[in-house]
Amino acid sequence: MSSQTQVRIAQSVDIDSIVELDPIARQEPGRRTFIAQAVAAGQCWAATAAEDASALVGYGVLDRSFFGHDFIPLIVVKRSARRRGVATAIMRTLELQCQGGKLFTSTNRSNIAMRQLLGRLGFIRSGQIENLDDGDPELVFVKLRSSL
């Protein structure tokens with residue numbers, strides 16, 4: 001799917017579709033608010049399949065919230081579209097938006113698929129944050145400008 005995945009800046013009309021593909025956003029109003037704010041700020045990108053540009057298959061957010069550095073706080077791919085290159089397409093698009101020399105992201109230690117993706121894309125482990133999720137530390141990764 002990656003060669004067919006299109007990634008574009010999300011628009012306000014995409015918010016309901018983004019919420020629908022994100023199981024946490026469907027349950028937690030705070031996540032929906034986060035999505036709406038990211039879209040309004042021009043920090044959210046939506047992924048669609050080439051055969052149907054109106055059907056969202058994933059999204060990602062890029063902001064400068066990590067000590068003033070570019071940071072990807074969230075990548076979500078629709079369950080039925082996983083393992084098809086959608087997350088890779090989103091990550092590569094977000095990398096192109098970077099303004100600084102470092103791009104950070106994080107994921108739970110238990111999220112093996114994301115950790116493998118980050119490794120394939122040239123991210124290196126940069127640290128660990130305890131106590132966000134009980135028993136599942138948050139691992140911080142960085143990609144340096146020379147690798148972007």
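In what follows, every heavy atom counts, from backbone to side chain, and hydrogens, waters and symmetry copies are set aside.
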Working to the nearest 0.5 Å, report the span between SG of C44 and CZ of R8.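 Rounded to the nearest 0.5 Å, the SG-CZ separation comes to 9.5 Å.
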
Among residues at least two apart in sequence or on other chains, which ones pass salt bridge (charged side-chain N to carboxylate O under 4.0 Å, His left out) with R32?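 Residues passing salt bridge (charged side-chain N to carboxylate O under 4.0 Å, His left out) with R32: D16.
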
Side chain to side chain, [X] and [Y], heavy atoms closer than 4.5 Å:
X	Y	value
Y59	I90	no
K143	K102	no
V61	W45	no
L103	V142	no

If hydrophobic clusters are built from ILVMFWY residues whose side chains come within less than 4.5 Å, do [X] and [Y] share one?
X	Y	result
I18	V7	no
L121	V86	yes
I129	F104	yes
M114	L74	no
L56	V39	yes

Does a side-chain N-to-carboxylate-O contact under 4.0 Å join D22 and R79?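 Answer for the salt bridge query: no.
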
Indicate the ring-plane relationship of F66 and F71, choosing parallel, tilted or perpendicular according to the 30° and 60° boundaries.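 Parallel.
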
